[in-house]
Amino acid sequence: AMTKSTGAWVAGSGNGGGFVAAANSQVQHWFVIMKADLTVDVGWDTSTTAANIPAGYTFFTYLFSVKLNATQNYVPFDAYATDALVDIRLRTSILADNATNPGTAARTLTLNTTAGGCPTGFVFDALISGSFFVTDAAGGVDNYIYYSPLAATDEAPTGAAQSSTVENAQMSTRAGLVGQNTETAWSGRIRTNTSAQIRQRLNSSQASTIVNTGILAYAAPRGNAAYY
């Protein structure tokens, strides 16, 4: 086992891991690095290709990415690895978007804030949570919220099964009576772009409509074989 900090990189466990200086709300990409003589170490870079790798190290393999918070600290997380993926699960969800009466046009959401969240630089499969609240002023309105990757075609939510070449998710609520409160919560996986962005679209929006979107976890292929 080896431990590293946000300090400047020094070889060996218990030392700094930064190939560059740490900064508030910084995205860090972690790598295993190796010399020609097979000496191995780990560290992080703001470059997705380990462009600032320490002198003497010529080989690197991508491990995972994290985003620091506004006080230059790590947001607590747990990492789970399979043969194909590394899944980063945040111990506390990050509220990425809170919208009142957002309208029915497509909106681009960024799944991170200065407090942390999904990193940028690579494409990730993000596990997001959502909540929806409305007091139905008209009555009889079915509400649908469709989340999709920006790489997919923009589609209006219909309530029917909607498919794409990449992951998407839809949340729906049934029609209520005039003045009735409706609230729904859910979670699903959405693929981001390299700017940690996804698309959100509603079929109906009223003055009382409130939609929250949070980030719970994100995953990427192991070994720098990023999604494209």
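Only a predicted model underlies this, so the values are computations on that prediction, with no experimental measurement involved. All residue numbers in this chain count up from 1 along the given sequence.
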Just do the side-chain hydrogen bond (donor to acceptor under 3.5 Å, both in side chains) check on Asn101 and Thr209 with the steps written out, would you? CA-CA 5 Å; Asn101 194 13; Thr209 300; 5.2 Å; no
So, [X] side chain and [Y] main chain: donor-acceptor pair closer than 3.5 Å or not?
X      : Y      : result
Asn69  : Ala115 : no
Asp45  : Thr48  : no
Lys35  : Phe59  : no
Gln28  : Ala22  : no
Arg199 : Ala152 : yes
Arg189 : Asp125 : yes
Thr110 : Asn112 : no
Ser13  : Thr3   : yes
Trp186 : Ile128 : no

Parallel, tilted or perpendicular: which describes the rings of Tyr74 and Trp30, with under 30° parallel and over 60° perpendicular? tilted
Which of parallel (below 30°), tilted (30 to 60°) and perpendicular (above 60°) describes Tyr62 and His29? tilted
